[in-house]
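All of these numbers come straight from a predicted model, not from anything done at the bench.
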Amino acid sequence: MLAALLFDLDGTLTNSDTLHLVAIQQLLLEEDGRSFTEHEFEQHCAGRANAQMCMNLFPQRSITEHQAFADRKEARFRQLATQLEPIPGATRLLDYAEQHGIGMVVVTNAPRANADHMLAALGFSERLARVVVAEELPHAKPHPLPYLTGLEKLKAEAHVGIAFEDSIPGLTAAKAAGIFTVALATTQSPAALQAAGADLVIDDYNDPRLWAHIEQMHSA
């Protein structure tokens, strides 16, 4: 029986990666005149916790310098992300979960301040009150710990849950936790998501295949 929905945030509940890219591009240009492409963002930043992102961007800088840049980047992102729109069908899915008593949790590599800001901008703060921030755990995605922690919050086992992800690190984490994982093709190609092990790849939450699986799990 379906008892748990576990949502990534960036690129999964809202298409926000473009704003993260712009924030990084602005700061790199301001700080050292460096250009930064969308391909580089996908290779080094998308879906990664800030510690890994900064290590990829600045391998020679100290951890203190990494943290300072991450703080500036996230503050710039929040300035840019004053209005956010849910992925089509997301509100429909939240409605369904509430009507059927299905637990929901957000599992994100984003910092706590970003998660709070984004959920408020989406109007989801009360509906998605349970949030696992991977940076507050010993391991972030792609380690399974954030998703295992999400299951613990919902008091659910992996086989009664569905995880929603858009990045390869997040998909890897959810699959390693043993959860049926639906990948949204917002930041990666369907082929890349399928190759990484997605159980189902969709463009948005209105996909009939998703709802067929939800109904099948709910009635099991």
Side-chain angles (χ1 to χ4, degrees), residues 7-87 90 105-125 128 131-143 145-147 149-150 164-174 183-188 192:
F7 297 96
D8 176 50
L9 185 48
D10 284 295
T12 302
L13 284 173
T14 183
N15 202 348
S16 52
D17 269 18
T18 298
L19 298 179
H20 285 286
L21 170 61
V22 171
I24 294 172
Q25 286 175 326
Q26 290 180 354
L27 289 177
L28 291 179
L29 189 62
E30 291 168 11
E31 292 188 9
D32 56 16
R34 189 198 314 189
S35 62
F36 193 71
T37 66
E38 184 175 354
H39 177 71
E40 288 174 310
F41 177 82
E42 292 174 356
Q43 292 293 111
H44 302 301
C45 305
R48 290 165 175 79
N50 277 336
Q52 184 60 58
M53 178 194 74
C54 289
M55 182 63 70
N56 292 340
L57 292 176
F58 310 108
Q60 305 304 321
R61 291 189 183 182
S62 68
I63 292 177
T64 300
E65 291 172 315
H66 285 173
Q67 186 60 57
F69 178 85
D71 290 344
R72 291 194 298 275
K73 177 260 178 181
E74 300 303 354
R76 183 68 58 91
F77 167 78
R78 291 191 294 273
Q79 291 174 359
L80 295 168
T82 55
Q83 294 182 329
L84 297 172
E85 293 294 328
I87 297 290
V105 63
V106 172
V107 181
T108 179
N109 267 359
R112 175 72 62 179
N114 276 26
D116 292 344
H117 174 89
M118 293 173 68
L119 290 171
L122 288 165
F124 288 167
S125 296
L128 293 171
V131 180
V132 174
V133 173
E135 287 190 341
E136 297 172 358
L137 301 174
H139 302 287
K141 304 173 192 176
H143 195 281
L145 180 60
Y147 275 103
T149 304
F164 297 92
E165 269 290 350
D166 72 299
S167 72
I168 302 303
L171 175 56
T172 301
L184 286 97
T186 53
T187 60
Q188 300 287 329

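- In the displayed structure, E136 atom CD is contacted under 6.0 Å by more than 12 heavy atoms of other residues, nucleotides or ligands.
- Under the 4.5 Å side-chain criterion, counting only non-hydrogen atoms from C-beta, Q26 is in contact with V22.
- Between S16 and G11, the shortest heavy-atom distance links the atoms OG-N, 3.7 Å.
- Note that CG of L80 and OG1 of T18 are 11.0 Å apart. Values are rounded to the nearest 0.5 Å.
- Closest approach of L28 and D32 over heavy atoms only: O-OD1, 2.7 Å.
- You'll find the side chain of M118 stays beyond 4.5 Å of the side chain of L19, heavy atoms only.
- The shortest heavy-atom contact between D116 and S125 is O-OG, 4.4 Å.
- The backbone N or O of D166 sits less than 3.5 Å from a side-chain atom of T187, completing a donor-acceptor pair.
- At least one side-chain heavy atom of R112 sits under 4.5 Å from a side-chain heavy atom of V131.
- Judged by distance alone, the side chain of T12 and the main-chain N or O of F7 form no donor-acceptor pair under 3.5 Å.
- Note that the CD1 atom of I24 and the CG atom of L29 stand 13.5 Å from one another [nearest 0.5 Å].
- Across all non-hydrogen atoms, the minimal contact from G170 to Y147 is O-CE1, 3.8 Å.
- At least one side-chain heavy atom of L128 sits less than 4.5 Å from a side-chain heavy atom of L13.
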F36 vs L57, side chain to side chain contact (heavy atoms under 4.5 Å, CB included): CA-CA, chis, key distance, verdict
CA-CA 10 Å; F36 193 71; L57 292 176; 3.5 Å; yes
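- With values rounded to the nearest 0.5 angstrom, N50 atom CG is found 9.0 Å from C45 atom SG.
- Atoms CD1 and CG, on I87 and N15 in that order, are 5.0 Å from each other to the nearest 0.5 Å.
- Counting non-hydrogen atoms of other residues, nucleotides and ligands closer than 6.0 Å to CD of E65 gives a total above 12.
- A distance of 4.0 Å separates OG1 in T149 from CG in L145, rounded to the nearest 0.5 Å.
- In this structure, H143 and L137 have side chains that are not in contact, with every pair of non-hydrogen atoms separated by 4.5 Å or more.
- With rounding to the nearest 0.5 angstrom, the CD atom of Q79 is 9.5 Å from the NE2 atom of H117.
- Contact record, A115 with T108: CB-CG2, 4.3 Å, taken as the closest heavy-atom pair.
- With a 4.5 Å cut-off on side-chain heavy atoms, F77 and P111 do not count as touching.
- Within a 6.0 Å sphere centred on CD of Q83, other residues, nucleotides and ligands contribute 12 heavy atoms or fewer.
- Sorted by first and then second residue, the ring pair (Phe, Tyr, Trp, His ring centres under 6.0 Å) pairs involving residues 42-70 (not counting sequence neighbours) are F58-F69.
- Nearest heavy-atom pair across R48 and N56 is CD-ND2, 3.7 Å.
- Under a 3.5 Å cut-off, the side chain of E38 and the backbone N or O of L21 do not form any donor-acceptor pair.
- Inter-residue side-chain proximity for D10 and D17 is flagged as met; some heavy-atom pair is nearer than 4.5 Å.
- With a 4.5 Å cut-off on side-chain heavy atoms, H20 and E74 count as touching.
- Not one N or O on the side chain of Q52 forms a donor-acceptor pair closer than 3.5 Å with the backbone of A49.
- A donor-acceptor pair under 3.5 Å links the side-chain atoms of N109 to the main chain of K141, judged by distance alone.
- For the pair R76 and E30, the salt-bridge criterion is met [side-chain N within less than 4.0 Å of a carboxylate O].
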